[in-house]
Amino acid sequence: RWVQWHQKSCDQPGEALPDVEILSMLREEMHELYKKEGGRGIESFEAMTWSYDIPHAPSSAELAKELNGYALEDLYDANGNLMYKKGQLLNAFAHLRDDGTTSSGNWIYVGQWTEKGNQTENRDNSDPSGLGCNLGWSFAWPANRRILYSRASLDINGNPWDKHRQLIKWNGKNWNWFDIADYGTQPPGSDTGPFIMSAEGVGRLFAVDKINSGPVPEHYEPIESPIDTNPLHPNVVADPTVRIYKEDREFIGSNKEYPFVATTYRLTEHFHSWTAQSALNIIAQPQQFVEIGEALAAEKGIQKGDMVKITSRRGYIKAVAVVTKRLKALEVDGKTVHHVGIPIHWNMKVLNGKGNRGFSTNTLTPSWGESVTQTPEYKTFLVNIEKVAEAA
């Protein structure tokens, strides 16, 4: 949840423009067309505040302040004391009002840029707690809070469950100490629970209407699992509430044919796949690769730099093998399980002779997902791997 300010290292090349300028110019052009041709929706343009110094190029600072929020009128507290003058930046989302006297692009960012300056640019890495709670480093939404529900680390009387890991304590007014508590001003011994976003105030192990596979959270193996049983209850291996379309069932792989677990991930040098289309990114990562552990490499006779073919029930890709100590074999239910790590970014172009066009990783991945969010099981599915002669 950190918002960290970084200075631009260089200007964009050629005719390229930042996204904000492109969107601003599109808005300006659409506004002109509306004024010339009419049509529904012009009210949104006319009502929009667009008071940037350069209308077609809002600055990052202007946008960050707008996201933070301003007082649109002089604001007073319940006792009549002046809190903000009109035009001042807000300090806390609790000061937002629903009567039109405040504005904010998003409540969670209130406090990121205040009258004291740009809080996202803070770089104080001191940690008096010794627990990795660096309140002076950047801004953590909301309210610069680092640990959510930290009141749960104390008993009802405010005593820490672990005295060596205490981040908050009662100071007579609130619970702030090494961190900014989300609990408010309820004193020790109050009936208010630490989980302030639930009506009960406690963590939910029994969720009546929150999870499709509930009401009690349970461990299930993925649809494609390297083991044949669920260690917690052998009779139900995978989640029975997962939605799988009829036409997809024939594409479920078995661990007999596909014995290794694949997982996908991003690379530091790439952002999804679109940065794999730029020359600098292609220079940084010129060829598609997969990672395998040393034990699996020895088992399959694969050395670093070998071309390998990775196959799932849905298709295959070819890539260069990177043999690494990073991926270790696991022992699961008495069975050795190996992982294959597959970056998601290729299927790139070849630009000016640089780079090697790769395969689409999603050729391998399944389409079904877990039952609550429908998030696909891209992080755990079954594959086989073998050494091949070339990439074609």
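A donor-acceptor contact shorter than 3.5 Å is absent between the side chain of Asp179 and the backbone of Ile168. The main-chain N or O of Gly132 is found under 3.5 Å from a side-chain atom of Asp127 such that the two form a donor-acceptor pair. For the pair Asn144 (side chain) and Leu135 (backbone), a donor-acceptor distance under 3.5 Å is present. The backbone N or O of Ile385 sits less than 3.5 Å from a side-chain atom of Lys300, completing a donor-acceptor pair. Ser104 places a side-chain N or O within donor-acceptor distance of the main-chain N or O of Asn106, the cut-off being under 3.5 Å. In this structure, Ser312 contributes its side chain and Leu364 its backbone to a donor-acceptor pair below 3.5 Å. Using modelled atom types, one side-chain atom of Thr264 and one backbone atom of Tyr378 make a donor-acceptor pair closer than 3.5 Å. Glu370 places a side-chain N or O within 3.5 Å of a backbone atom of Thr373 that can act as its donor or acceptor partner. Here the side chain of Asn134 pairs a donor or acceptor atom with the backbone of Asn125 at under 3.5 angstrom. No donor-acceptor pair closer than 3.5 Å links the side chain of Thr114 to the backbone N or O of Asn91.
Ring geometry for Phe195 versus Tyr149: interplanar angle of 30 to 60°, hence tilted. Taking the six-membered ring where the residue is Trp, Trp107 and Phe93 present perpendicular rings, their angle passing 60° and hence far from 30°. Under the 30°/60° scheme for interplanar angles, the aromatic rings of His31 and Phe45 are found to lie parallel.
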Distance-only donor-acceptor hits, side chain of residues 68-75, under 3.5 Å, sequence neighbours excluded:
unit_1 : atom_1 : unit_2 : atom_2 : d
Asn68  : OD1    : Gly111 : N      : 2.5
Asn68  : OD1    : Gln112 : N      : 3.0
Asn68  : OD1    : Trp113 : N      : 3.2
Asn68  : ND2    : Leu90  : O      : 3.1
Asn68  : ND2    : Trp113 : O      : 3.2
Asp74  : OD1    : Lys86  : N      : 2.7

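With contacts defined as side-chain heavy-atom distances shorter than 4.5 Å, the pair Phe381/Tyr258 does not qualify. Looking at heavy atoms from C-beta onward, Ile292 lies out of side-chain contact with His338 at the 4.5 angstrom threshold. For the pair Ile244 and Val242, the minimum side-chain heavy-atom distance is below 4.5 Å.
No side-chain donor from either of Ser190 and Gln186 sits under 3.5 Å from a side-chain acceptor of the other.
Aromatic rings from Trp50 and Tyr52 are positioned such that their centres are separated by under 6.0 Å.
Legend: residues meeting salt bridge (charged side-chain N to carboxylate O under 4.0 Å, His left out) with Glu294, ordered by chain and number and at least two apart, are Lys325.
Listed by first then second residue, pairs satisfying side-chain hydrogen bond (donor to acceptor under 3.5 Å, both in side chains) with a partner in residues 192-201 read Glu200-Arg204, not counting sequence neighbours.
In this structure, CD in Gln4 is found 5.0 Å from CZ in Arg123, a value given to the nearest 0.5 Å. Atoms CD and OH, on Glu115 and Tyr84 in that order, are 9.0 Å from each other to the nearest 0.5 Å. With values rounded to the nearest 0.5 angstrom, Lys169 atom NZ is found 11.0 Å from Leu154 atom CG.
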Problem - Derivation of the salt bridge (Lys or Arg N to Asp or Glu O under 4.0 Å) call for Lys256 and Asp228 - result: CA-CA 10 Å; Lys256 306 297 186 295; Asp228 295 316; 3.5 Å; yes
